[in-house]
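When reading the values below, keep in mind they use all heavy atoms of this one structure, side chains included, and skip hydrogens, waters and symmetry mates.
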Amino acid sequence: MKIFTPLPGEYVASALNRGNELLGIKSIRFEDFRIKPIPREGYVFSCGGKAESRDHAIFKFPDFFIEKNISEEVLHSHTLYPLTAALGRCRSNTIVTPRKWKKICTDCVVEDFETHGTAYIHRRNVQTSVRFCSVHGSELVDVCPACSVPISRHHITKLGLCSRKYKKPTYQLNSSSHLYSKFIAEILNYNGNMLKRHIVDWRIYGSLIIRYRKEYIQDEDLTEIIRREFGEQVKYTYRDSSDHTVAILAFLACETAEAYLDLMTNETSTDWLTKEVDVIRRARRYVATS
């Protein structure tokens, strides 16, 4: 028997973990909440018989979600799927349910305990490169400030009790890291179709060319830009880029979720982008040949 009653914006593993704790079970297995993309196998055929490459992700769900008929609800409301859909990440290694997920904002813990009677892990804080709370601008922690137990081993249902001893956290309101966390939180509200990866990648790249027009954008330049803005030690390559690296580039390119989604879905914005990139490239060619 499982208890699964997720709270608003709660990460799927957090809801299952809380349910287990109420049943006296200390932890959960990765297999209990892992939603795994099914690799594409060549081509699929449309109803007209024409071969088409599948550009959307299909997932294998834990049996519990299928039995309770909640697979789609969990996928869209309690995982990172909306982020991967908005970024066009439909590969077999796309991660919508990260194995490592226990980070907390102490301000959120206090507020959630007062509002819901329990603390929980928000999915907006789960993504690898999110280090600050999008709501409070406070630094996320992975060790309980009150009892020094790693959050990975801390009972979620006991976080509220520890919150009575919390001290003020570190804030970085409106820093790049805080604005990035807001970007991720807002993208997680995306409810449209899976965007096509090649279109997403081109529009992000084009926007970076415009924003960093004084720098010649290549893979090594993107690596340096990410390091400079976030201190992330990454080596960016188009082919091997991870989901969280693409998310950082999307933020650097557009700054807000609203601007990003407009660029991805508004043809007028796309036309402007294409023209601006062409102007910059022609100017560079002129300088190179002068």
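Residues satisfying the ring-ring contact (aromatic ring centres under 6.0 Å, His included) criterion with Tyr166, sequence neighbours excluded, are absent altogether. Residues satisfying the ring-ring contact (aromatic ring centres under 6.0 Å, His included) criterion with Phe132, sequence neighbours excluded, are absent altogether.
Atom NZ of Lys182 has 12 or fewer neighbouring heavy atoms from other residues, nucleotides or ligands inside a 6.0 Å radius. Counting non-hydrogen atoms of other residues, nucleotides and ligands closer than 6.0 Å to CG of Asp262 gives a total above 12. Sparse packing is recorded around CG of Asn69, with 12 or fewer heavy atoms of other residues, nucleotides or ligands lying under 6.0 Å away.
Side-chain N/O atoms of Ser14 and Glu10 include a donor and acceptor closer than 3.5 Å.
Minimum interatomic distance between Thr79 and Val74 (heavy atoms only, all atoms of both residues): CG2-O, 3.3 Å. Here the shortest heavy-atom pairing between Ala250 and Tyr260 reads CB-CE1, 3.8 Å. Shown here for Thr94 and Pro37, the closest heavy-atom pair between the two residues is O-CG, 3.1 Å. Between Val126 and Pro98 the shortest heavy-atom distance is CG1-CG, 3.8 Å.
A cation-pi arrangement is absent between Arg123 and Tyr11, since the terminal nitrogen or guanidinium carbon is not both under 6.0 Å from the aromatic centre and inside a 45° cone about the axis.
The line from CG of Leu80 to CZ of Arg89 is 14.5 Å long, rounded to the nearest 0.5 Å.
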